[in-house]
Amino acid sequence: MSEIEKKIDARLKKPFFTEMLTMAYITGANHSNYLETVKKWAMHFREILQERNLIKKIVHRPKEFWNFKGKKTIYNIDGGQLSLSITGSATMGVRVGVYKVKPGDYSKGREDYDDSSLLTSNLVDMTGDSHFEEDDDYEVDFKKMLESSRMIMEAAEVIKQTEAKGKWEDKPKVNDLIFLHGPILFEAAMYHLTSDANDKFPSFKKEFCDSILQHAPNYILNEFKEWRKDDDNYLRTFIPLYCEIANYLKHSKIPTYGVVERSVNKAPGVVSKAMIGELYGTRARKVQFEKRNFDFSWNVKKAGHAAKGDDIEKVFKSYVLGDPYLFDLILDEGEFIQPIQVLKQNPFKWPNFSSNGYFEKFFNYMPEPYVTYLKTSEFRKPIRVETLNILETFEDDLDFVFHSAKMLPQYAFPLGLDTVDKLAKVPNWMKHSLKNAYQMRMLRALINTGNKDYIELGLKSLVPNRNGFNRP
Amino acid sequence: MSSSNWEEIGTVIGSTSTDSYGFLLTSLKGSLGDIVITETEIPATARGTKKVFIWGRIVSMDRTNPTFPNEAAAELNRIGAIEETIAMVGSEHLHAEVQIMGCTDVDSKAEDIILNPLSYPVKPTSKVLYPDAKIVNRLLSGKNDDDYPIRVGTLINRPDIEIFMSGEALAARHLAILAQTGGGKTVASRRIISGLASHGHPIIIFDPHGDYLGLSKNIEALREIAKNKDIQVRLLSPKLLATREKVPGAVGEIVTKLGLSMTEAQLGVFYNIVNDAEFINTLSPTETNLLKHLEDLIEHVSRINLEGREASSKGPILRKLRLIQDRLEKMEKINDRQRSIFSNKGLKFDDMPDPETNPHMLIKQNQITILYLGGYERVVQSTMVSIILEDLFNDRSSMKDGRVPAFSAIVEEAHNFVPSKSEEKSESPSLMTIRRLLTEGRKFGTGVILISQRPGRLDETTLAQCNTFLVLKLVNPRDQNWVRNVMEQMSEQDAKWLKAFGKGQGFTSGYAVKFPLQIQIDFDKDLVWDEIGKEDFIRQNKERWQNGGKEEAYEMDKNEQKENELLKKSKRVGLK
């Protein structure tokens with residue numbers, strides 16, 4: 001038995017594979033030989049990828065690696081939300097933090113922190129000839145707006161830092177690095193469908209838009225301004241703003257990556273799909289690439305017919321074998337796969353294309369990220385690294401991600417992003433005191449009514465779920 | 001009083017009370033023991049409020065770097081310096097815990113500030129300020145010229161804040177200096193001695209190890225430090241003294257306490273003999289040396305005719321008295337020998353005057369009297385201390401004209417004189433004497449300073465009478481707990497610091513100081529006499545070997561060989 005086979009056997013005994021087995025069982029398929037089959041597929045794909053030189057290896061060499069002498073600046077960006085665990089309460093604010101550090105610099109300027117925060121109430125444009133009208137039947141869809149603003153703010157922070165419009169005067173250089181905690185690009189969708197106008201997003205305030213788009217000239221918005229000259233309300237909604245930011249990231253000369261610690265186990269995963277698409281030339285990938293005018297591919301010899309690729313996708317689906325699980329088996333510690341362009345945006349989830357063809361135009365302008373999985377520890381699932389501007393320094397940058405993650409041998413996630421995560425997080429004490437104040441007011445109001453039922457209901461809503469109060 | 005010039009060093013966070021609060025300290029802006037101020041509005045009357053400055057002392061500090069997880073340390077060990085990596089160095093949190101000392105009105109004048117108890121908790125989010133030395137000195141230093149202040153040192157980590165003890169309080173009340181060996185006891189006591197001496201206050205020191213003999217050698221330095229050119233240091237060689245009226249009591253005490261137990265019958269006979277007026281009259285009325293009296297007693301017993309059953313006790317009594325005489329003579333010889341070593345180094349010892357008839361020779365304005373007790377067994381030392389202090393106290397409490405001036409008695413190795421163990425208590429006549437001085441000393445001006453390295457072995461009732469404490473480094477957990485039990489003003493955090501104190505650093509509280517504070521005691525290096533306590537046995541051996549020791553050893557070896565051969569021959573010719 002080869003070394004990697006032994007490792008795969010060991011990995012299959014990890015708790016999360018047992019969970020997966022249960023999930024696969026629930027799907028109803030016959031999986032009596034589940035683990036054996038999964039192992040074979042993993043070994044098969046490892047062989048195919050290795051034959052085509054698509055698996056790269058990083059050697060762990062901390063002493064030699066950490067030798068930057070302060071000549072490289074790393075920007076680590078993460079966002080946090082202030083929300084209360086109270087029924088019916090919306091997120092109150094968003095905060096994005098940046099931790100800037102120069103490894104090997106011993107001066108006071110070695111490290112710094114900057115953040116931007118925004119209150120929910122300052123997001124929505126309620127004035128003038130807005131995209132929506134306020135009447136009795138319609139409420140501003142705050143949830144949709146917050147979800148989208150969080151995505152926008154994190155990505156827009158890259159623009160702010162790249163254009164040196166934040167705390168620091170120096171612009172990042174081409175050998176610097178920008179890391180985002182989370183995907184470099186989310187799948188744009190309606191997120192929340194409480195309103196009947198599902199083709200509509202609420203407009204952001206102009207000040208908010210100005211604050212996030214600090215570059216000039218804009219990549220695509222100018223063109224759209226010409227197109228709908230008199231009304232920029234549409235341009236101040238989520239899709240145009242996000243599309244503009246994505247294009248900025250695509251054209252940036254500064255290596256910028258999104259690093260994801262926990263990928264969703266969607267089977268087959270987007271990377272698996274892209275991998276199968278490239279190796280077997282599946283029709284779905286071909287059509288999408290042609291339609292959206294993408295030309296990036298691995299350019300390697302095919303591993304089989306397109307139909308076989310479709311069958312493999314079905315197997316992965318049946319075996320609930322998503323990206324994080326598959327690449328956990330395929331990759332050895334320090335290995336990553338050749339980055340591959342995935343197709344994240346799904347036209348069916350976007351707002352209604354029929355709305356004057358407006359969103360369809362943006363869809364065609366939306367770039368797609370290049371993604372890889374990097375196994376930072378034998379004992380952890382691989383992390384996902386995404387970028388929109390794939391540059392020559394990619395492998396060196398992955399080396400940096402790997403060594404940063406080795407700083408946290410158990411968590412196996414880059415220390416810089418872990419640091420900014422802690423810095424940007426809204427402190428618990430703030431959340432707790434807000435929650436306590438709210439609960440006190442609510443209870444007092446209910447007690448004042450004198451109605452026993454109201455009071456009991458109020459108490460039930462306050463006590464933790466498994467408390468005796470809520471038991472049958 | 002204006003806070004405008006005081007530097008902001010942190011912000012109050014978390015729950016606060018009227019006793020303590022915590023704050024987030026700006027990096028490197030304060031340290032343990034620092035005095036800090038925060039401003040808060042408190043209720044003044046039922047309707048009104050007022051602003052106060054709340055004074056406190058930093059009693060503990062925690063330092064964390066929340067962005068640096070423990071697991072990163074393993075990799076860091078391979079890399080070397082944290083700065084080489086992506087880790088955040090500067091995100092450290094410094095949390096300081098402050099013990100509140102009291103509050104002063106914001107608008108009170110700097111010259112009249114008085115600390116009042118705080119009646120309302122500190123406001124979280126208040127700024128924490130670092131007051132200037134001038135105002136802290138005014139409030140905390142305890143310098144009051146009417147009380148004859150003695151500068152003991154500075155606030156720990158704040159050399160600009162002087163700390164004083166009240167000389168008046170030390171003269172009438174009592175102080176305990178507690179520290180492990182090497183913790184700075186002698187440094188502290190020398191500071192107090194020179195402080196008292198600066199006011200000319202008479203001092204008597206009971207010195208079992210000769211730690212204070214150097215004061216005599218460094219008299220000029222002492223005069224300089226104390227700024228009192230009239231100071232005299234008098235060294236005394238100890239003697240067991242008793243006038244003939246006191247002989248029965250003193251001999252009885254020594255006989256029973258030197259561990260030479262007699263049967264009940266023997267004791268009865270013995271006390272009959274020593275208390276017999278006929279015997280007492282045979283003793284010289286002018287002789288005070290107890291050993292001489294003992295010699296007379298032995299002679300008296302050997303001559304006396306006892307009848308009946310008493311006759312059988314004569315032999316054992318005589319034997320035991322001779323044993324005691326022998327032991328006392330040996331102790332005296334050891335003391336003589338040790339004193340002669342010091343005498344060779346230029347120290348001059350006087351014979352001890354009778355404290356009953358001549359207390360003025362022991363206690364005199366501007367005089368420091370040092371009684372060197374080296375060589376004597378603990379029981380004898382304790383008896384000597386007991387006799388002397390008893391006589392001095394009786395003289396002071398007689399209230400007669402011409403009694404000795406008020407004085408301070410310094411008892412080194414106090415655990416030997418006021419021990420806690422019941423078996424040691426019965427062998428320590430000084431225990432009850434010192435206890436009496438501590439309870440009644442205030443009335444008669446007989447202050448006591450107890451110094452010990454084993455506080456856990458000190459009699460608790462006696463120590464509880466000490467109303468000022470100076471506790472330096474203590475590592476033994478039993479000693480730490482014991483000190484904490486006795487000292488009400490010592491917080492848990494202060495107790496934790498006992499083991500961490502450096503040399504000369506300590507905690508003081510009580511009547512003679514204004515506030516419980518952590519202090520750094522002044523080190524009077526000119527009062528140190530290197531000849532004492534200098535362990536240079538290897539050098540001494542080498543010198544001896546080079547200066548004739550080698551030849552002497554060779555000669556002895558040679559003789560031994562010759563003598564062994566001679567002895568062999570002698571045995572053969574019939575020597576047994």
Side-chain angles (χ1 to χ4, degrees), chain A residues 60-70 72-76 78 97-113 177 179 376-377 379-380 400-425 427 429-430 433, chain B residues 7-17 20-30 38 40 61-98 121-128:
Chain A
H60 182 212
R61 47 189 205 296
K63 183 86 185 167
E64 179 195 327
F65 178 81
W66 291 106
N67 187 26
F68 293 97
K69 299 184 167 55
K72 195 177 187 77
T73 306
I74 318 298
Y75 296 78
N76 301 278
D78 189 23
V98 189
Y99 165 48
K100 186 180 98 161
V101 58
K102 292 179 187 174
D105 181 350
Y106 283 74
S107 73
K108 276 195 171 173
R110 174 187 185 274
E111 61 195 36
D112 203 357
Y113 176 72
L177 275 168
F179 291 117
T376 48
S377 163
F379 308 103
R380 287 275 168 177
F400 197 97
V401 174
F402 177 70
H403 277 89
S404 299
K406 289 307 271 183
M407 289 289 294
L408 298 175
Q410 286 170 41
Y411 186 26
F413 190 70
L415 176 60
L417 288 172
D418 181 62
T419 303
V420 72
D421 178 64
K422 284 173 181 158
L423 296 171
K425 200 167 268 175
W429 59 264
M430 193 187 271
S433 37
Chain B
E7 193 181 359
E8 276 184 26
I9 60 163
T11 305
V12 177
I13 56 163
S15 307
T16 67
S17 72
S20 63
Y21 66 86
F23 75 97
L24 215 57
L25 175 69
T26 310
S27 184
L28 300 173
K29 289 290 181 189
T38 179
T40 287
M61 289 170 79
D62 294 311
R63 186 175 178 176
T64 51
N65 183 344
T67 63
F68 186 73
N70 294 345
E71 60 173 298
E75 185 76 350
L76 191 60
N77 289 342
R78 295 190 190 105
I79 297 160
I82 187 170
E83 286 83 357
E84 294 291 340
T85 73
I86 198 166
M88 197 170 201
V89 181
S91 67
E92 284 187 349
H93 282 190
L94 272 162
H95 180 263
E97 194 66 27
V98 175
V122 179
K123 184 186 172 193
T125 71
S126 302
K127 293 287 169 217
V128 180

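The chains referred to below are lettered A, B, ... by the order of the sequence lines, with proteins before strands, and numbering in each begins at 1.
Both the backbone and the side chain of A/Leu408 come within less than 4.5 Å of a heavy atom of chain B. Heavy atoms closer than 4.5 Å to chain B are found in the side chain of A/Asn76, but not in its backbone. Within the 4.5 angstrom heavy-atom criterion, only side-chain atoms of A/Asp418, from C-beta onward, approach chain B.
Between A/Tyr106 and B/Ala81, the shortest heavy-atom contact is OH-CB, 3.1 Å. Annotation for A/Asn67 and B/Glu84: closest pair CA-OE1, 4.2 Å, computed over non-hydrogen atoms. Summarising the geometry of A/Ser404 relative to B/Ile86, their closest heavy-atom pair is OG-CD1, 4.1 Å, with the distance given to 0.1 Å.
Options B/Leu76, B/Ile82, B/Thr85 differ in how many heavy-atom pairs under 4.5 Å they form with chain A, and the most are formed by B/Thr85. Of all the listed residues (A/Arg110, A/Lys422, A/Lys63), the one sharing the greatest number of non-hydrogen pairs under 4.5 Å with chain B is A/Arg110.
Formation of a donor-acceptor pair under 3.5 Å by the B/Glu71 side chain with backbone atoms of A/Tyr411 is found in this model. Under a 3.5 Å cut-off, the side chain of A/Glu111 and the backbone N or O of B/Gly90 do form a donor-acceptor pair.
Heavy-atom neighbours of A/Arg61 CZ from other residues, nucleotides or ligands within 6.0 Å: above the threshold of 12. Within 6.0 Å of NZ in B/Lys123 there are 12 or fewer heavy atoms belonging to other residues, nucleotides or ligands. The local environment of CG in B/Asn77 is crowded, with over 12 non-hydrogen atoms from other residues, nucleotides or ligands closer than 6.0 Å.
The shortest distance between side-chain heavy atoms of B/Met88 and A/Leu423 falls below 4.5 Å. For the pair B/Arg78 and A/Lys406, the minimum side-chain heavy-atom distance is 4.5 Å or more.
Here B/Ser91 contributes atom OG and A/Tyr99 contributes atom OH; the two are 7.5 Å apart, rounded to the nearest 0.5 Å.
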